[in-house]
Asks: 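The structure under discussion is supplied below as structure tokens; questions concerning it will follow.
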Amino acid sequence: MKIEAFDMVRMQCAYEREVDYDLSGSGIPSMKLSELIGTRDAAEAVFEVPQGYAPAGGSPHLRSAIAAMYRDASAENVMVTNGATEANLVAALRLLEKGDELVAIVPSYLQTWNLARSWGIETKPLSLLEDLDWQLDVEAIKASVTQKTKAIQICNPNNPTGAVMAAEQRKALIDAAEDVGAWILSDEVYVGAEREGTRTESFWGDYEKVLVTNGLCKAYALPGLRIGWLVGGKEILKEIVPYRDYIALTHAEPSDAIAKLVLEPDRRERILAQNRAIVQKSYGHLAEWMKANEPAFSLRPPVAGPMCFIRYVSKISSLEVAERLRKEKSVLVVPGSQMGVDGYLRIGLGLPKEYLHAALNRLNESLLRLEPLDIP
Ligand SMILES: Cc1ncc(COP(=O)(O)O)c(C=O)c1O
């Protein structure tokens with residue numbers, strides 16, 4: 001079966017190591033494990049343990065540590081996966097069948113969207129609107145979710161805008177799902193990476209048919225461990241675990257053991273606080289640059305995550321803008337079209353000040369040279 005390429009990921013894999021400045025990422029710089037965990041604890045957890053297959057679904061300890069972060073959840077509500085990517089994949093494999101309809105928020109991380117399209121499932125975009133500070137229009141939620149809707153894919157906090165869904169929209173979305181019995185697939189990898197304000201509440205516990213995906217890749221800045229998870233009802237998870245038998249059987253035993261240490265409550269909170277400070281600081285670098293320059297773009301400040309989604313004023317497609325920028329200025333950014341909305345670029349922020357400012361200077365020069373949009 002042919003699948004639709006995940007263009008953003010393909011582009012990053014092809015060029016992120018080739019350019020002078022890579023602004024295409026959406027992660028916080030990763031820490032060394034030795035900075036997070038005592039070497040004795042880590043050695044004991046990994047070197048003194050036989051390296052068999054980790055239990056499919058995760059070790060009881062890790063599942064309990066994850067469950068402790070969710071309202072009224074127990075280990076049976078958790079399934080560990082290879083990154084959030086596998087969590088999203090197995091959820092989609094279980095829920096989506098030909099003839100179904102998927103409603104998905106855009107702009108967003110398009111993994112499930114692309115898979116659904118590859119599988120011949122009808123996909124319907126539900127737009128976050130810049131004029132509403134990247135919130136959904138409540139009437140549009142009501143209109144988009146119909147009896148045909150099998151699942152609604154969201155990413156909250158959102159990649160790429162950094163927006164967190166407001167209470168009114170959240171309620172409208174849950175009500176709409178409940179009315180038609182649709183699943184909510186909630187990718188929450190940026191929960192805990194809020195630049196300001198309180199921690200984003202998980203959709204888990206708000207409605208029965210919710211599957212949450214998350215992992216250590218973003219808010220924890222540990223993507224190399226490849227630990228992700230699904231949180232959901234016991235029955236649906238029992239049905240989903242066997243899908244792993246055809247993917248990678250299970251995840252890596254050393255990562256399971258390290259993740260258990262990472263998620264010990266004190267350490268977990270310390271890591272998240274450290275990473276939030278990085279997100280805040282890196283946004284500060286952007287704000288400082290914007291004050292000192294006349295940017296040829298505009299943006300709504302992200303609430304969470306080390307990235308922002310900028311609007312440039314030109315008729316030229318975001319793919320062409322990004323390609324020109326890469327070829328002429330050796331700066332890599334993600335074109336908005338690869339996240340479902342043209343006319344924007346996603347730029348990553350979790351970077352040292354000098355690097356970010358130098359890259360923004362080149363981005364700005366390039367954008368200033370675009371012919372502006374004719375606005376009557
Ligand atoms: C919203 C979102 N979900 C999932 C992933 C993939 O996560 P992982 O690295 O844990 O597989 C990413 C990676 O960028 C992401 O941005």
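Model, not experiment: these values are computed from the prediction. Numbers here are sequence positions counted from 1. Both ligands and their constituent atoms are indexed starting at 1 by order of listing.
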Asks: Could you check atom 12 (C) of ligand 1 against the protein and tell me its nearest heavy-atom contact, residue, atom and distance included?
Replies: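 In this structure, atom 12 (C) of ligand 1 has Tyr109 CZ, 3.3 Å as its nearest protein heavy atom.
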Asks: Mind checking whether His285 and His357 have parallel, tilted or perpendicular rings, split at 30° and 60°?
Replies: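 Correct class here is perpendicular.
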Asks: Is there a donor-acceptor pair under 3.5 Å between the side chain of Asn77 and the backbone N or O of Ala73?
Replies: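 Absent.
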Asks: Measuring from atom CG of Asn159 to atom CZ of Phe309, what distance do you get when rounded to the nearest 0.5 angstrom?
Replies: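 The CZ atom of Phe309 is 9.0 Å from CG of Asn159, to the nearest 0.5 Å.
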Asks: Got an N/O contact under 3.5 Å between Thr85 and ligand 1?
Replies: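 Looking only at distances, the answer is yes, because the N/O contact criterion of under 3.5 Å is met.
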Asks: Report the nearest protein non-hydrogen atom to atom 16 (O) of ligand 1: residue, atom name, distance rounded to 0.1 Å.
Replies: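 Ranked first by proximity to atom 16 (O) of ligand 1 is Asn159 ND2, 2.8 Å.
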Asks: Against the six-membered ring of Phe203, is Arg170 placed for a cation-pi contact (under 6.0 Å from the centre, within 45° of the normal)?
Replies: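 Yes, a cation-pi geometry.
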Asks: Taking the ring centre of each residue, are Tyr344 and Trp134 less than 6.0 Å apart?
Replies: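 Yes, close enough.
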Asks: Which of the atoms of ligand 1 are close to Cys155, meaning less than 4.0 Å from one of its heavy atoms?
Replies: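 What qualifies from ligand 1 is 1 (C).
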Asks: Below 4.0 angstrom from a heavy atom of Cys217, which ligand 1 atoms are there? Numbered from 1 as shown, please.
Replies: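 So the atoms of ligand 1 that pass are 7 (O), 8 (P), 9 (O), 10 (O).
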Asks: Out of Thr81, Asp187, Ile227, whose heavy atom is nearest to atom 4 (C) of ligand 1?
Replies: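 Looking at heavy atoms only, the winner is Asp187.
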Asks: So which atom in Ser24 and which in Arg346 form the shortest heavy-atom distance, rounded to 0.1 Å?
Replies: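 That would be O-NH2, 2.6 Å.
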Asks: Quick check on contacts: which atoms of ligand 1 are under 4.0 angstrom from a heavy atom of Arg226?
Replies: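 Listed by number with element, the hits are 8 (P), 9 (O), 10 (O), 11 (O).
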Asks: Below a 4.0 angstrom heavy-atom separation, can you tell me which part of Ser26, side chain or backbone, both or neither, approaches ligand 1?
Replies: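 Looking at Ser26 and ligand 1, just side chain atoms fall under 4.0 Å.
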Asks: With nothing but distance in play, are any N or O atoms of Ala84 less than 3.5 Å from an N or O of ligand 1?
Replies: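 Yes - when backbone and side-chain N and O of Ala84 are compared with those of ligand 1, one distance drops under 3.5 Å.
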Asks: Is it true that the side chains of Lys2 and Ser118 contain a donor and an acceptor less than 3.5 Å apart?
Replies: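 No, Ser118 and Lys2 have no side-chain donor paired with an acceptor closer than 3.5 Å.
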Asks: Using distance alone, with no hydrogens and no angle criterion, decide if Asp342 and Ser337 have a side-chain donor and acceptor under 3.5 Å apart.
Replies: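 There is no such pair (donor and acceptor under 3.5 Å, judged by atom type) between the side chains of Asp342 and Ser337.
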Asks: For Lys218, counting its heavy atoms only, list the atoms of ligand 1 lying under 4.0 Å from any of them.
Replies: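 Counting from 1, the qualifying ligand atoms are 12 (C), 13 (C), 14 (O), 16 (O).
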Asks: State whether the shortest distance between N or O atoms of Asn82 and N or O atoms of ligand 1 falls below 3.5 angstrom.
Replies: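 Not met; the criterion fails.
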Asks: Pull out every atom of ligand 1 sitting under 4.0 Å from any heavy atom of Gly83, numbered as shown with elements.
Replies: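 So the answer, numbered in order with elements, is 10 (O), 11 (O).
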